[in-house]
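Structure first, commentary second.
Chain letters run A, B, ... following the sequence lines, proteins first and then strands; every chain starts at 1. Bear in mind that the values here come from a model prediction, so they are computed numbers and not experimental data. The basis for the numbers below is simple: all heavy atoms, side chains too, and nothing from hydrogens, waters or symmetry mates.
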Amino acid sequence: MHLILFIVFAGLCLAGAINLLLQTHPINSALSLVVVMSSLAVLYLLLGAEFLAAAQIIVYAGAIMVLFTFVVMLLNAGREEHTMGSGVARILGFPAVAVILGVIATVILKAQGLGSAALSDPITSTEDLSRVLFRELLLPFEVTSVLILIAILGAVALARPGGDERRVGK
Amino acid sequence: MTILQFFLWSLLKIAVVTVVMLLGIAYTVLLERKLVGRIQNRWGPTRVGPFGLLQPLVDGAKSFLKEDIIPTGVYKPLYILAPILSLGCALISIGVVPFGEPNVGPGGMHLFQIADVNIGLLVILGITSIGVYGIALAGWSSNNKYSLLGSLRSSAQLVSYELALGLSLVGVVMRAGSLNLRVIVESQSSKGMATWNLFGGFQFVAFFIYLMAAYAETNRSPFDLPEAESELTGGYHTEYSSMKFAMFFMSEYGNMITVGCVATLLFLGGWTSPLGELIPAPQNIFVHALMPIFWFVLKVFSFLFLYVWVRGTLPRFRYDQLMNFGWRYLVPLAILNIVATSLWLAYQPLHR
Amino acid sequence: MIPLSWYLLLSATLFSLGVVGFLIKRNLITVFMSIELMLNGVNLSFVTFAHQWHLVKGQIFVFFVMVVAAAEAAVGLAIIIAVFRARSTLAVDRIDLMKL
């Protein structure tokens with residue numbers, strides 16, 4: 001059962017990721033990213049992280065990606081132009097990526113003592129999660145709230161048509 | 001219980017719930033037309049069947065038989081995907097809603113709930129947030145400025161009010177100490193109406209916020225700006241016809257029912273009787289199993305009644321007013337409610 | 001029963017696909033999406049390791065990554081809107097005023 005679920009959703013995940021690269025229109029890429037994120041949520045569920053699965057759907061698929069599609073629709077950005085800009089990225093980039101993937105894969109496959117996951121594994125309850133989050137890691141939690149506040153201010157300041165727009169534009 | 005039995009029972013439950021839900025959607029439309037008719041001093045549909053009771057059937061047949069027009073300028077894959085996504089999300093989230101008491105089926109299974117999930121509330125919120133895509137894509141793929149404006153309005157509105165909606169539920173979750181919908185209902189079931197979160201739990205501020213946010217989330221009047229007829233000729237579904245339009249229509253009413261179910265579970269005590277122990281438990285086993293369903297349906301029905309009542313009474317908001325209201329009043333109010341509830345819980349020594 | 005190395009391999013593949021997207025895509029928004037894909041790939045390996053060592057902190061790290069990603073998306077998209085307003089294009093090759 002676990003195997004079937006893993007294969008289906010890992011396949012969906014990879015298909016979505018590859019589709020993101022192949023599509024030329026940003027909205028199609030955004031939607032395939034939504035597919036990736038939703039199937040990742042199912043994989044989290046398989047690994048017993050149920051709160052994270054819900055958070056993945058709500059935060060990533062439901063908020064961040066909506067923001068992306070919102071911006072794509074707002075700017076009405078058309079298809080991508082195939083200029084294939086820097087050759088350096090293609091010549092050095094692809095081999096580098098392949099090497100990195102190969103190294104990581106060999107490390108993972110060589111690793112000893114990696115366990116396995118099954119459907120009967122215990123599920124991390126939301127209570128456990130919040131106990132650790134609000135007792136041991138309270139300070140980082142509060143710091144991230146400050147980060148969010150700064151991000152909101154930054155986003156508002158950037159997106160507002162300010163007085164110095166004319167200077168930048170023309 | 002073997003895995004085959006589990007699948008069969010689940011399929012049966014899903015089939016029954018889907019049929020009931022679709023019938024519920026159809027008759028909610030009739031309820032709305034009748035009630036709005038009465039509010040406006042006319043009769044509403046009366047011709048088909050006694051009191052117009054067969055009207056939904058005819059409406060369904062009408063939308064099936066109409067010509068399905070796909071305009072040439074649309075982006076076809078997304079244009080077709082959008083209504084499916086919308087209706088799918090509206091129907092899926094009912095799957096975690098418990099309608100009646102647990103453990104009444106054979107072998108101690110949940111006969112009145114499709115899936116008992118630990119994070120049921122978050123599942124509903126997550127699926128609702130995916131539902132935004134249906135509307136957003138519908139507007140964008142229609143290649144029509146009214147549709148695009150409607151869908152931009154709608155995505156902004158949904159994302160903004162989801163915040164207030166989620167924050168308003170935190171107080172309830174803190175009181176119950178769980179995200180499981182069944183546990184939340186059981187936490188308020190001891191003394192009937194007096195222990196409902198709405199009254200005994202002092203969550204009426206949260207309920208008010210939830211109500212406002214729910215109207216906005218389901219694109220209902222007075223926040224029905226995404227489809228404001230007078231300014232946008234119908235908003236995101238301007239270019240849709242026939243069954244695809246009907247799917248949007250059904251998803252709107254399906255969302256209303258889901259929102260009503262969530263309000264019932266979280267604030268109105270779910271399937272428990274509002275009178276608590278005043279009525280002795282019925283002896284007949286069938287009555288005993290069906291009484292919770294009756295209370296649940298009654299509560300959802302009164303919530304839907306409120307929906308239609310508000311629609312028949314209030315005029316539409318302006319868009320900037322809507323955003324102001326959401327961000328400047330509802331969100332701070334919800335945060336204040338969380339602070340007050342947690343202080344109250346902290347000063348209750350008997351709690352936990 | 002699934003060996004956890006499969007999850008780790010999937011996460012590594014997602015990350016690499018994200019890097020490839022970052023290199024070959026020419027649209028600012030899609031480049032940004034590739035970054036999100038990389039973050040998601042890393043998140044999966046965090047959850048896998050949390051499962052391996054039965055530690056909750058790995059999951060909380062994912063939670064923090066999500067928060068940071070949300071902040072990043074807000075600021076990044078605001079920058080994209082500002083760039084589009086100034087240059088009325090999203091092609092990364094055309095946004096080259098700072099190039100020599």
Side-chain angles (χ1 to χ4, degrees), chain A residues 1 4 19 23 25-35 37-39 41-42 44-45 48-79 119 122-131 134 145 148 152 156, chain B residues 3 6-7 75 77-78 81-82 85 89 92-93 96 117-143 145 147-160 162-163 165-166 170 173-174 177-180 183 236 327 342:
Chain A
M1 194 64 195
I4 300 171
N19 197 36
Q23 291 292 340
H25 202 288
I27 205 145
N28 290 339
S29 302
L31 289 180
S32 33
L33 195 52
V34 173
V35 172
M37 284 162 175
S38 314
S39 35
V42 179
Y44 290 172
L45 214 53
E50 56 175 20
F51 180 76
L52 274 189
Q56 170 92 1
I57 293 279
I58 296 176
V59 176
Y60 261 126
I64 296 182
M65 289 319 293
V66 168
L67 209 59
F68 271 95
T69 43
F70 195 78
V71 169
V72 172
M73 294 191 322
L74 196 69
L75 304 183
N76 212 357
R79 291 189 176 280
L119 279 186
I123 289 175
T124 316
S125 71
T126 314
E127 268 182 323
D128 296 341
L129 206 66
S130 43
R131 201 159 283 135
F134 293 122
S145 67
I148 289 273
I152 294 172
V156 169
Chain B
I3 203 153
F6 173 75
F7 267 113
Y75 183 56
L78 297 186
L81 177 71
L85 206 60
C89 289
I92 287 174
S93 45
V96 293
V117 192
N118 284 338
I119 46 165
L121 188 58
L122 291 181
V123 170
I124 290 183
L125 286 180
I127 292 171
T128 325
S129 63
I130 294 287
V132 182
Y133 285 107
I135 292 171
L137 294 178
W140 183 80
S141 66
S142 292
N143 200 5
K145 60 186 168 204
S147 301
L148 184 66
L149 277 176
S151 75
L152 281 179
R153 277 183 176 189
S154 150
S155 359
Q157 171 180 333
L158 290 182
V159 170
S160 318
E162 209 166 76
L163 200 66
L165 187 87
V170 172
V173 173
M174 280 197 298
S178 170
L179 289 166
N180 189 326
V183 177
Y236 57 90
W327 285 103
S342 46

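A 4.5 Å side-chain heavy-atom check between A:F70 and B:V132 finds every atom pair outside the cut-off.
With A:V66 as the fixed residue, the side chain to side chain contact (heavy atoms under 4.5 Å, CB included) test singles out one of B:V159, B:L158, B:I130: B:V159. Results of the side chain to side chain contact (heavy atoms under 4.5 Å, CB included) test with A:T126 over B:V173, B:N118, B:I119 single out B:I119 as the only residue that passes.
Only the side chain of B:L78 comes within less than 4.5 Å of a heavy atom in chain A; its backbone stays farther off. In this structure, the portions of B:L152 lying under 4.5 Å from any heavy atom of chain A include both its backbone and its side chain. Only the side chain of A:I27 comes within less than 4.5 Å of a heavy atom in chain B; its backbone stays farther off.
Scanning residues 55-65 of chain A against chain B with a 4.5 Å heavy-atom cutoff picks out A:I57, A:I58, A:A61, A:G62, A:M65, ordered by number.
Judged as a side-chain hydrogen bond (donor to acceptor under 3.5 Å, both in side chains), and not counting sequence neighbours, the contacts of A:N19 are A:Q23.
Here the closest heavy-atom approach between residue A:M73 and residue B:A136 is recorded as SD-O, 3.4 Å.
Top candidate by heavy-atom pairs under 4.5 Å with chain A, chosen from B:V123, B:L137, B:L148, is B:L137.
Within a 6.0 Å sphere centred on CZ of B:F7, heavy atoms belonging to other residues, nucleotides or ligands number 12 at most.
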